[in-house]
Structures are given as structure tokens and as C-alpha cells.
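This report concerns only the one structure given below.
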Number of protein chains: 2
Amino acid sequence: MQTANVGQDSNNTAPAPAHQQVYHQLRESILFGDFTPGQPVTIQGLVTELGAGMTPVREAIRRLTAEGALEFQGNRRVTVPELNAGNVDELIIAREALEPALAQRAAERATAEQIAALEATDLQLDRAIEHGDIPAYLRLNYEFHAQLYAIAAAPILTQIADGLWLRFGPSLRVVCGRMGTQNLPDRHKETIDAMRLGDVEKAREAIREDVIQGMVQIREALYPATA
Amino acid sequence: MQTANVGQDSNNTAPAPAHQQVYHQLRESILFGDFTPGQPVTIQGLVTELGAGMTPVREAIRRLTAEGALEFQGNRRVTVPELNAGNVDELIIAREALEPALAQRAAERATAEQIAALEATDLQLDRAIEHGDIPAYLRLNYEFHAQLYAIAAAPILTQIADGLWLRFGPSLRVVCGRMGTQNLPDRHKETIDAMRLGDVEKAREAIREDVIQGMVQIREALYPATA
DNA sequence: CAGGAAAAAATTTGATCATATTCTTGGCGG
DNA sequence: CCGCCAAGAATATGATCAAATTTTTTCCTG
């Protein structure tokens, strides 16, 4: 959400608390596919791997568990969730409901600069797709939507939508790994055009299609049999 | 979500971890109005009040912060969030999007027993409204919706919808305290009737109206000026 | 004698606590 | 009125205890 100074402390600002740093690191790892669905996540493993204390790691894990990015396995174990077909359907419902609302608000508020920045991200995204650079694709695709959220200026809706990315991030990574980046069309250009023209309804619809298209692709890749 | 054994350990089962117990206690306190919007929540206060250790309390707070039930004030302070008019609007959007979807799924799946249980809850709710029993009203109103979520069998959507209750719970309490329970009509009867008849669309619409009605009432009570 | 299931020991991991450290804040003196 | 200092609260650490998993051992059966 807020861009806290995750790194070293600049001149006067205090460094971010360790638990926040750990949280952000873990979050990125989950979002951009350093973890695979089903993978166990151990506290002690992270403690040694990140060189952090036990308490910050525990807190970061709790936070991510609450966001649905990790799953409490009952027996004190925590794993990266594996999505079943029903879960994907739920995510489709949720994203189809939320993202168009955010896009609409963004279209109503966007300045020319913000739209330009959006387009810049999308161009980088195109390049990543051309090069088949999956990590860059995942990052920039998320970045595009995150920029849209920021423009929408709706903190609660944004937090919820962001949480959804955490849920399907690991699976998206798997799907991309299988299919490459070529067959991943989006509706970003249409969205940007609509925003330039101030056509709120069209922007809303473009994002709706973008989201559904992407989610259905995940579902088809993971569960081809299911209708 | 899952009904862990929060209390003493029954014969063979291990007692729930302290951090979960603390989480559930805090959660209830927030949901049913033991905390008021803006109220600061201190770790040490909870440690002494609940007689729990510091680590479990910290973890519970982190979890509730991630769910939006508490707010990180930046300077290490945590408070119960105060909703502004825009926040309420966002909550309306989110609930209007999610609850009908859940109601639809519930209507598609409900057994006669489940509908009967729903009706029983609603009758208790009516009694609480008659008696002006605000705590009971808050509890049973939530219970009604929670039962609906359970029937819908959609864990992700349920978790998100549940999180929304945590966000407006404290404010709902304030509104009820101001207006009493009399002027709080709902569409529960219509919902139950529609479910009995298997009229999925009507159930969806009834819940949609129920939710909007309730949320608009909160908005009007807190921010009368705003359209 | 080999294979395998059950039991027991060992190791790994999670939960909690007491304590030290760091940061914020409110009051006091300049 | 501004800056410094002390009190209090939050953060972080490492130790300790408990639970779960894994490995080893044992014993029985074919």
C-alpha cells in the first residue's frame, strides 16, 4: 500500500520495522512466483534464509495468512495455497466485481500524466511479452493494475483487490511457465484509449474483459476438463 | 472461519493456540461494538486485560490489521479505524458486489434444514429488535449473514465478505446506539421465502437490497450532508 | 531370512515468554 | 517558543517448552 522505505534508512527517516521488511519480501516472493502452490513455508526456514529474527517472521506470516496469501494447514504448518477449480471461480467472481469498479473510478479521476505513466508501464509490458521474460511480465502486469488502483484512490477496494493477486499469483506463475508469455493477450490498450477519451464506461468494460480473460486462462490451464 | 475450540481443551483435543484465542476475542470485540471508531488499541493494554502474553497479542493485532479491522497509525500506534464518507461508499460497492453473489450460491445449494436454521436466527433477530437489545441485534444480524455465507460454500468470497463486517462493525454499533433498533428494516424474510421457493434471482436481489439498505443507513447516519 | 508394520527415539518446527533495545512522546528548562 | 531528557510503549532477540514429523528400531509374519 504505502511505499515505506524498505531499504536502509535515508538521512532522517527511521528504517522500516523488520516485520514490515520481511512482509514485503515475502509478499513479492509470493506475487512474482518464487513460491509454488502447495509449497510449505516454515518460520525457521525464513529466519535462516532472510537472516531475520523469529518474531518479525512470525508476524509477516500471520499477516499474509490473513490476506489469503498463505494458508494455515491446521497442524501448525503454513503453505502456499493450491487453488482448486472452485477457488478459481470464486476469484473470477471477486475480480469481475471489484476491478471494473476500480477502473471506473480511475477513469473518472485520471490525469494526463497518470495515463501516460500507465502507457509507459504497458509498453514495458509489451517488451517483456516479446522477450518471453516471465518475471518481468508478472511484475509489469501487476504494476499496470496497481497503478490503476492508485489512480482510483479507493483504499479499501484496492486492499481487497491486491489481496486477490496474492491468492492467484503463485498459480499465475505456474501457468505462465507452462504456456509462455506469447498467448497472454490483454485489454490494456483499450483501457488506456478509453481513459484518454474520458469514456468511463468503456474503460470499465475493457478492464472487465481483461480480468475475465486472464482468469479464465488460468482456469483452463489448471483445470481443462472443468467447463 | 473454522470453529476451532476456543475454550478449554476438551478430552482429547489440544487447546487452540493463544494467538488464535486472542484473535477471536478481539475480533468479537470489534465486530460487536466493544470498541468505538478511533479508539486506540495498545498491546500492553490487551496483555494486561486479557492476561495473555505479548507475542500472541502482537500476532492477533497484525492479523486484524491485515484484515482492515485495525489500522496502523504509522507511529507504532494502532487504532480502530474511523470511516469517512468515501470509505463507506467503498464498502457499499464491495458489499453490493459480493453479497448478492454469495446469496445466489446459497440459494442454489440450501437444504431445507439450512433454511430452517436461517429462519430461526431471523426470528431471534426479530425479538432482539423488539426488545431494543443492541448487542443481540448486532450478533444475530451478523449471524444471519454468516449462516448464508456458510451455505454458499465459497471460502474465499466468505473471507472477504467477513472482512468487510470487521470494517464497518464499530461504526454500525455507533449508528445503532444513536437510532435504536426499531428503524432497521431488513429483507431477511424475503430472502428466506425466495430460498424456499428456489427462486435464486429473487434471493440475490433481496440480499442486495438488504445490504444496500443497511449500508446507506450507516452512511446517512454518519454523514447526513453527503448525497 | 526378508519384508513390513508398529512402536519408540530423535530431529525438526512452532508457540510462548522474559528481557533487552529502540522509538515516540510529553514535560521541563533554557 | 524551541530543543533536550525521561517515561512509557513498541519492537526485536534468544531461550525454553511443546508438538509434529521423520527416522530408526524392533518384532512379527510369510
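Here is how names work: the chains are called A, B, and so on, in the same order as the sequence lines, proteins then strands, and each is numbered from 1. Quick note: numbers below take in every heavy atom, side chains included, and nothing from hydrogens, waters or symmetry partners. Worth saying up front: this structure is predicted, and the values here are computed from it rather than measured.
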Residues two or more places apart in sequence or in another chain: which of them pass side-chain hydrogen bond (donor to acceptor under 3.5 Å, both in side chains) with B:Tyr137?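 B:Tyr137 satisfies side-chain hydrogen bond (donor to acceptor under 3.5 Å, both in side chains) with no other residue.
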Any pair with a residue in residues 32-49 of chain B that passes salt bridge (charged side-chain N to carboxylate O under 4.0 Å, His left out), sequence neighbours left out, goes on the list, sorted by first then second residue, please.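 Found none.
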For [X], all residues meeting side chain to side chain contact (heavy atoms under 4.5 Å, CB included), sequence neighbours excluded:
{"X": "B:Ala154", "value": "A:Glu90, B:Leu102, B:Arg105, B:Leu157"}
{"X": "B:Pro56", "value": "B:Ala18, B:His19, B:Val22"}
{"X": "A:Pro170", "value": "A:Ile30, A:Pro37, A:Val80"}

Got a list of protein N/O to nucleotides 8-11 of chain D N/O distances below 3.5 Å?
residue	atom	partner	partner atom	Å
D:dA10	OP1	B:Ile43	N	3.3
D:dA10	OP2	B:Gln44	N	3.4
D:dT11	OP1	B:Arg62	NH2	3.4
D:dT11	OP2	B:Arg58	NH1	2.6
D:dT11	OP2	B:Arg62	NH2	3.3

Nearest-Å distance for atom pair CD/P, residues A:Gln73 and D:dT21: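 It works out to 10 Å between those atoms.
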